[in-house]
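Just the heavy atoms: all of them, side chains too, but no hydrogens, waters or symmetry mates, feed the values below. By convention in this document, chain letters (A, B, ...) are assigned in the order of the sequence lines, proteins followed by strands, and residues within each chain are numbered from 1.
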There are 2 protein chains.
Amino acid sequence: MVTIVDVAKRANVSTMTVSRVINHAASVSDATRARVLLAMRELNYVPNSIARSLVSGRTHTIGLIIADLTNSFFTTLARGAEDAAHKHLHRLVICNHDDDIDKERTYIEALISARVDGLIITPAGNDSVENLKIIQQHGIPFIFVDRIVHSIKADHVVGDSMSGAYELTSHLLRQGHSHIGIVSGPLNIHTASERLKGYQAALAEFGAEVRQELVLYMPYGPGADTAVPELDQQIRGLLSQNPAPTAIFALNNVIAVQVLRSLRRLGLAVPDDVALACFEEVDPYELMHLDISTAIQPAYAFGEESVNILFRRIDDPDKPFESVVLKPRLQLWPSHRKG
Amino acid sequence: MVTIVDVAKRANVSTMTVSRVINHAASVSDATRARVLLAMRELNYVPNSIARSLVSGRTHTIGLIIADLTNSFFTTLARGAEDAAHKHLHRLVICNHDDDIDKERTYIEALISARVDGLIITPAGNDSVENLKIIQQHGIPFIFVDRIVHSIKADHVVGDSMSGAYELTSHLLRQGHSHIGIVSGPLNIHTASERLKGYQAALAEFGAEVRQELVLYMPYGPGADTAVPELDQQIRGLLSQNPAPTAIFALNNVIAVQVLRSLRRLGLAVPDDVALACFEEVDPYELMHLDISTAIQPAYAFGEESVNILFRRIDDPDKPFESVVLKPRLQLWPSHRKG
DNA sequence: GCAACATATGTTATCGCTAACAATTGTGAT
DNA sequence: ATCACAATTGTTAGCGATAACATATGTTGC
């Protein structure tokens with residue numbers, strides 16, 4: 001591999017002069033600069049940023065730890081982050097923890113070892129605290145995206161899960177659905193507990209009963225992409241409660257797809273047999289004519305904003321924390337069948 | 001930041017001994033090892049892999065350059081690559097070139113500078129040759145995924161675009177559609193030209209006329225996600241040819257979504273008014289009851305296989321090139337309306 | 001012509017770690 | 001007790017770049 005020494009020799013200058021040319025430093029004569037540039041071109045020299053990082057302590061790399069890249073919400077978020085990082089001349093290292101604390105820890109340590117300039121993280125759950133403390137101990141600037149962990153204070157970009165869920169549930173109630181089933185995720189995940197709260201708040205507000213037997217739980221993401229065998233049974237159980245729910249609220253897009261498939265297997269149509277609402281991260285359904293009321297989050301902005309805030313944090317480590325709450329856009333469909 | 005020197009001091013040994021403990025090298029007494037491990041734990045020491053890379057020349061990082069992370073095909077591919085890289089204890093740096101040669105070049109240089117151990121690339125187009133030569137000049141092991149560039153020989157994992165397109169077109173022809181429109185992508189992209197060839201081959205085989213006026217072109221990916229204003233007009237133009245096509249073949253998933261939206265705006269139903277076939281990279285439509293015949297590619301395997309082959313290449317730079325062609329899975333729907 | 005300073009270039013040390021070799025200690029065979 | 005050799009630990013140099021300081025030119029003004 002060609003190094004700065006090779007270029008220096010060929011251009012008949014010291015390595016320092018080459019370094020100056022690379023870094024556009026002043027005080028290099030035009031003649032010398034030209035000679036060095038020529039040598040660089042002739043040798044196909046590309047500076048070794050590893051070596052540069054060792055000296056400067058900066059890697060121009062940002063770590064992005066998310067739940068699952070195949071979830072379209074995170075995909076779009078990642079793309080937003082990538083574009084923003086690119087503007088700052090930084091590279092993005094993307095890691096998926098699949099809501100698994102141990103996997104999250106492995107990645108955090110790898111990224112610390114790689115000396116990323118900063119870290120954007122969707123914590124795997126409330127138990128991520130220990131993992132997050134490791135980041136803090138190493139003084140690496142980081143920001144929460146999508147999910148927070150209450151005991152750790154940091155910048156964050158999140159959606160308004162609570163009010164989004166409240167609105168979706170209210171909508172169903174207004175449509176005459178007085179009994180609404182909900183398929184929740186693990187409650188140790190911030191967005192899941194918030195959305196459940198929003199659902200309950202809406203029920204309370206409308207004087208509807210909060211019935212524990214109308215709440216199902218399933219994984220939030222990983223593995224959920226494959227069929228969930230028991231789900232059909234659970235959904236059937238849910239719908240045979242007395243009084244039976246006439247609508248179902250799915251806590252996120254992955255869950256919604258599972259529920260939709262399950263309903264289909266059970267021969268039930270949406271929304272004619274059962275109305276469906278979903279806290280959905282993007283909107284592929286729009287295209288499909290499916291009448292599913294959704295709270296659509298600006299996923300791209302989640303990623304973009306996170307990166308921008310992270311860079312502000314890097315520039316000024318002591319500034320007060322920023323808290324950005326992005327409202328979901330509601331897309332409400334009338335249900336065809338009333339309670 | 002804690003370094004190996006701090007640990008060495010605390011454990012009262014030389015840095016070399018600490019290094020030996022970190023790297024599980026033999027010939028460290030149990031007592032010393034214990035002392036070092038304790039010091040490491042007490043100081044929260046995490047080895048600096050930047051420094052390690054500078055010495056070893058390996059970064060444990062793989063570059064993945066794709067067209068667009070928000071395209072579900074590439075998302076799933078990336079996830080497959082990430083999982084495989086993780087198994088090899090490597091990190092993945094993901095870059096999107098949006099089918100733009102200059103952007104591709106920028107990323108390639110950045111990744112060379114970062115001294116990635118290898119590179120997986122979906123070339124932006126046939127003009128990527130110069131960019132790819134840069135990779136070769138630097139002796140960085142790389143592999144093509146999804147698309148190849150003929151003038152550059154390298155390992156590759158691609159789909160069978162030609163036969164997939166042939167099959168889809170044949171299916172439409174068998175359904176009685178004797179005039180089939182096609183919305184193609186830029187022909188300097190390998191998969192686009194291959195799929196067009198497959199379409200033409202099928203027409204020829206069935207004795208159907210290849211009509212140039214039934215071929216539309218649009219971008220393959222970037223920007224295509226937003227509305228294409230002229231598309232409605234073009235589609236309308238396409239459908240008003242004489243004789244009019246009764247089916248449309250969309251060359252990839254992004255194009256299919258555009259066409260679908262456009263047809264919807266024009267008030268045309270699929271497949272009742274116009275049948276649709278699509279070289280689709282994954283299968284969200286399956287869920288949606290839409291009768292679109294698709295050639296579904298095993299995107300996850302694309303990524304996974306690429307990584308595995310890349311590591312074999314790294315281990316043995318002189319072995320013969322591997323060529324993996326993954327067949328798409330055909331999902332063929334009967335059309336409701338016959339030519 | 002020469003001090004005084006700007007401009008251009010070079011030298012040395014260092015970032016954190018490890019390869020290669022060196023030194024020390026301990027062990028068993030004779 | 002002594003030598004040969006293995007096991008353990010240390011020393012030095014260097015990966016490729018740059019910061020900080022040093023030196024060599026050129027330029028200006030009087």
Side-chain angles (χ1 to χ4, degrees), chain A residues 1-37 39-40 43-61 109-117 138-140, chain B residues 1-37 39-40 43-61 109-117 138-140:
Chain A
M1 194 68 84
V2 179
T3 76
I4 203 170
V5 178
D6 302 315
V7 177
K9 275 190 191 138
R10 182 164 195 119
N12 236 298
V13 293
S14 73
T15 60
M16 200 56 223
T17 300
V18 178
S19 174
R20 286 189 183 103
V21 172
I22 296 168
N23 297 288
H24 309 103
S27 75
V28 175
S29 73
D30 290 348
T32 311
R33 166 171 292 112
R35 209 145 31 91
V36 170
L37 286 173
M40 282 173 43
L43 296 172
N44 276 306
Y45 171 72
V46 174
N48 183 331
S49 43
I50 298 288
R52 204 186 286 207
S53 294
L54 188 58
V55 176
S56 68
R58 295 205 50 175
T59 54
H60 287 259
T61 300
E109 292 188 336
L111 293 175
I112 290 174
S113 178
R115 297 296 189 267
V116 290
D117 290 342
H138 286 269
I140 296 181
Chain B
M1 194 68 82
V2 180
T3 76
I4 204 171
V5 179
D6 303 313
V7 176
K9 276 191 191 137
R10 181 162 196 121
N12 235 297
V13 293
S14 72
T15 59
M16 200 54 224
T17 300
V18 177
S19 174
R20 287 189 183 104
V21 172
I22 296 168
N23 296 289
H24 310 103
S27 75
V28 176
S29 72
D30 291 348
T32 310
R33 166 170 293 114
R35 208 144 33 89
V36 171
L37 286 174
M40 283 173 43
L43 295 173
N44 274 309
Y45 172 72
V46 175
N48 184 331
S49 44
I50 298 289
R52 204 187 285 208
S53 294
L54 189 58
V55 176
S56 69
R58 296 205 49 178
T59 54
H60 287 256
T61 299
E109 291 187 336
L111 293 175
I112 291 174
S113 178
R115 298 294 191 267
V116 290
D117 291 340
H138 286 269
I140 296 181

Can you sort out the partners of B:S53 under side chain to side chain donor-acceptor pair (under 3.5 Å), two or more places apart, ordered by chain and number?
none
Atom CZ of A:R58 and atom C1' of D:dA19: how far apart are they, to the nearest Å?
17 Å
With A:D30, which residues qualify under side chain to side chain donor-acceptor pair (under 3.5 Å), at least two apart?
none
Tell me, for nucleotides 16-25 of chain C in 5' to 3' order, what letter each nucleotide earns: B for a base near a protein heavy atom under 4.0 Å, S for only sugar-phosphate near one, - for neither?
BBBBB-----
What residues, two or more places apart in sequence or in another chain, satisfy side chain to side chain contact (heavy atoms under 4.5 Å, CB included) together with A:A110?
B:R91
Look at B:S29 and D:dT9 and indicate whether a side-chain polar atom (N or O) is within less than 4.0 Å of OP1 or OP2.
yes
Run the side chain to side chain donor-acceptor pair (under 3.5 Å) test against A:N44 and tell me which residues pass, sequence neighbours left out.
B:Q137
Do any N or O atoms of the protein come closer than 3.5 Å to N or O atoms of nucleotides 26-28 of chain C, and which pairs are they?
none

Name all residues meeting the salt bridge (charged side-chain N to carboxylate O under 4.0 Å, His left out) criterion together with B:R35; count only those two or more places apart in sequence or in a different chain, and write none if there are none.
none
Once side chain to side chain contact (heavy atoms under 4.5 Å, CB included) is applied, do any residues pair with A:S29, and if so which ones, sequence neighbours excluded?
A:A31, A:T32
With Watson-Crick and G-U wobble geometry limited to distances under 3.5 Å, how should the secondary structure of DNA chain D be encoded in dot-bracket form, using | for bases paired to another strand and [ ] for crossing pairs?
||||||||||||||||||||||||||||||
Hey, does the side chain of A:T17 come within less than 4.0 Å of C:dG10's phosphate (OP1/OP2), counting only N and O?
yes
Not counting sequence neighbours, which residues clear ring pair (Phe, Tyr, Trp, His ring centres under 6.0 Å) with A:H60? List them please.
A:H90
Look at the side-chain N and O atoms of B:S14 and state whether any lies under 4.0 Å from the OP1 or OP2 oxygen of D:dG10.
yes
Holding to side chain to side chain contact (heavy atoms under 4.5 Å, CB included), I want the full list of residues that pass it with B:V5, two or more places apart in sequence or in another chain.
B:T3, B:K9, B:T15
Taking all non-hydrogen atoms of both residues into account, name the closest pair between B:L54 and A:I50 and its distance.
N-CG2, 3.8 Å
Can you list everything that forms a side chain to side chain contact (heavy atoms under 4.5 Å, CB included) with A:R52? Sequence neighbours excluded, please.
A:I22, A:N23, A:P47
